[in-house]
Amino acid sequence: MKRTDFVYASGPEPHRARTRAILKAHPEVRRLIGKNPLSFFAILGLVGLQVGGAGLLADASWWWILGAAYCVGAFADHALFVMIHECAHRLLFKSPAANRLAGMLANLPQIFPSSVSFEKYHIKHHSFQGNHDLDADLPNKWEAKLINNYFIGKALWFLLYPLFQAFRVARLKEIKPFDAWTAANWAAQIGFAAAVWYFLGGKAVAFLTLSFFFSVGLHPLGGRWIQEHYLTHNEEQETFSYYGPLNAVAFNVGYHNEHHDFPSIPWNKLPELKQQALPFYDSLHAHRSWTKLWLRFLFSRELSLFSRVVRKNRGAVKLTDESKPDIELVKPVAEAEMA
């Protein structure tokens, strides 16, 4: 059946209640909360891989550039996006500025400035999941109507996914879109792109640009965006995890229910969280293949951008200090443990 609107819920988002229940049943999961500074070396390696690849392909044929971007660059850029996500939650270093700078470093090969803006909008997504005025992860209503439930529309949506996300910014009026950090992010990206063009040439920039678009769009990795919050099983569960093999090259980003329940646990400990609180997660639907889900979304007439839960409820806990978002997101956990 074709959807013509979102699924509207009157209750709060599901994660805070499950967080409290898990902490009550398994208080030992508190020990998993912390930082993982070793993630910074992953950022260095991935940035080096992309820059090195751009250099090797500077004089290659366009077929080689396209193939390398799709088969290698997309996976590297996707992994860098996960590292930006870790930095947004301040899971590398104690210093907020150090995390933000690390995120900006991870952003460099992706050409388009996004790390600082992502931090602002993503924290709101956690705090107000499903609230259309605050959650940038939700499509615009006109966006869902335009794409409809046909293959061509969905394919174009995946291909131009970063652009559609950019259009959502105007809807979120409570978030300040530009500040000094945003300007620094833009300056760094412009400087990096100019340097790559000057020293390596236009084909090197093209490889990096294609890698970016494939990493978040018309690629099996695009199944991740459907996996996280699209209603693929029922209307009662609005967040889904992925436990397939690509977690190995995506820093466990598929453990999405676990991450929403405990956003202050770094990527390397999310599987351990699942094992310690297994009864809470085994009862939930989960995906095993991004590729299968991606193809299902593309071809299914029953799934569309309207397959999302929307609520007016702002959540039981309102952020009072956005400099310490994770403290508010996991209210039962002591502030000292989140530092």
Side-chain angles (χ1 to χ4, degrees), residues 1-22 25 125-141 143-145 147-151 153-154 157-158 161 220-247 250 252-263 270-271 273-275 277-316 329:
M1 183 178 66
K2 177 182 175 182
R3 294 182 186 273
T4 57
D5 203 351
F6 299 109
V7 175
Y8 290 90
S10 57
E13 57 83 33
H15 297 287
R16 291 188 182 98
R18 189 162 57 238
T19 299
R20 295 186 183 98
I22 290 174
H125 164 63
H126 273 268
S127 306
F128 306 109
Q129 179 178 316
N131 186 301
H132 209 253
D133 296 326
L134 294 163
D135 186 356
D137 193 63
L138 286 167
N140 285 314
K141 199 163 187 176
E143 179 184 341
K145 288 181 177 179
I147 298 307
N148 212 310
N149 64 338
Y150 297 106
F151 171 84
K154 294 176 186 177
W157 181 74
F158 275 119
Y161 185 70
L221 289 170
R224 173 193 163 191
W225 313 118
I226 308 306
Q227 162 243 311
E228 292 181 344
H229 296 292
Y230 278 80
L231 302 174
T232 54
H233 287 76
N234 54 55
E235 294 183 3
E236 284 72 44
Q237 183 179 329
E238 59 186 277
T239 303
F240 296 84
S241 289
Y242 158 78
Y243 301 129
L246 290 180
N247 275 319
N252 294 327
V253 75
Y255 288 76
H256 205 60
N257 265 306
E258 294 83 351
H259 168 64
H260 265 270
D261 293 345
F262 291 90
L270 290 176
L273 167 64
K274 179 178 183 288
Q275 289 303 311
L278 200 57
F280 289 90
Y281 297 116
D282 268 2
S283 61
L284 300 174
H285 290 289
H287 296 285
R288 302 286 174 178
S289 170
W290 276 338
T291 303
K292 182 179 178 180
L293 177 61
W294 178 62
L295 293 173
R296 178 189 167 195
F297 183 80
L298 279 171
F299 289 100
S300 173
R301 300 288 293 275
E302 295 180 358
L303 293 175
S304 71
L305 300 191
F306 280 127
S307 302
R308 294 291 300 265
V309 170
V310 172
R311 57 176 49 83
K312 294 185 181 299
N313 188 299
R314 291 176 64 96
L329 289 173

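Just so you know, these numbers come straight off a predicted model, no measurement behind them.
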Pairwise side-chain contact, F158 with L298, heavy-atom cut-off 4.5 Å (strictly under): yes
H126 versus H259, closest heavy-atom pair with distance: NE2-NE2, 3.0 Å
Side-chain (K154) to main-chain (F297) donor-acceptor, under 3.5 angstrom: yes
Residues which pass side-chain hydrogen bond (donor to acceptor under 3.5 Å, both in side chains) with Y161, listed by chain and number, not counting sequence neighbours: Q165
Minimum heavy-atom distance L231-V309, with the two atoms named: CD2-CG2, 3.8 Å
Gap separating the CH2 atom of W290 from the CH2 atom of W225, nearest 0.5 angstrom: 8.5 Å
Check: R301 side chain, F151 main-chain N or O, donor-acceptor pair, under 3.5 Å: no
With T239 via side-chain hydrogen bond (donor to acceptor under 3.5 Å, both in side chains) - residues at least two apart: H15, Q129, H229
Partner set under side-chain hydrogen bond (donor to acceptor under 3.5 Å, both in side chains) for D137, not counting sequence neighbours: R308
Exercise: do N148 and K2 side chains pair donor with acceptor under 3.5 Å: yes
Test of ring centre spacing under 6.0 Å for Y255 and Y242: no
Pairwise salt bridge (Lys or Arg N to Asp or Glu O under 4.0 Å) hits with a residue in residues 223-247, at least two apart: R3-E235, R224-E228, E238-R311
Whether H287 and F240 hold their rings parallel, tilted or perpendicular, with breakpoints at 30° and 60°: tilted
Partner residues of S289 under the side-chain hydrogen bond (donor to acceptor under 3.5 Å, both in side chains) criterion, sequence neighbours left out: none
Sequence neighbours excluded, every pair satisfying salt bridge (Lys or Arg N to Asp or Glu O under 4.0 Å) that has a member inside residues 286-296: none
Atom pair CD/CZ of E258 and F280 - distance to nearest 0.5 Å: 12.5 Å
N257 versus S241, closest heavy-atom pair with distance: N-OG, 3.0 Å
Whether F6 and F306 hold their rings parallel, tilted or perpendicular, with breakpoints at 30° and 60°: perpendicular
N/O donor-acceptor pair under 3.5 Å between N149 side chain and L303 backbone: no
Nearest atoms (heavy-atom pairs only) where I147 meets L305: CG1-CD1, 3.8 Å
Shortest non-hydrogen contact from A277 toward I22: CB-CG2, 3.9 Å
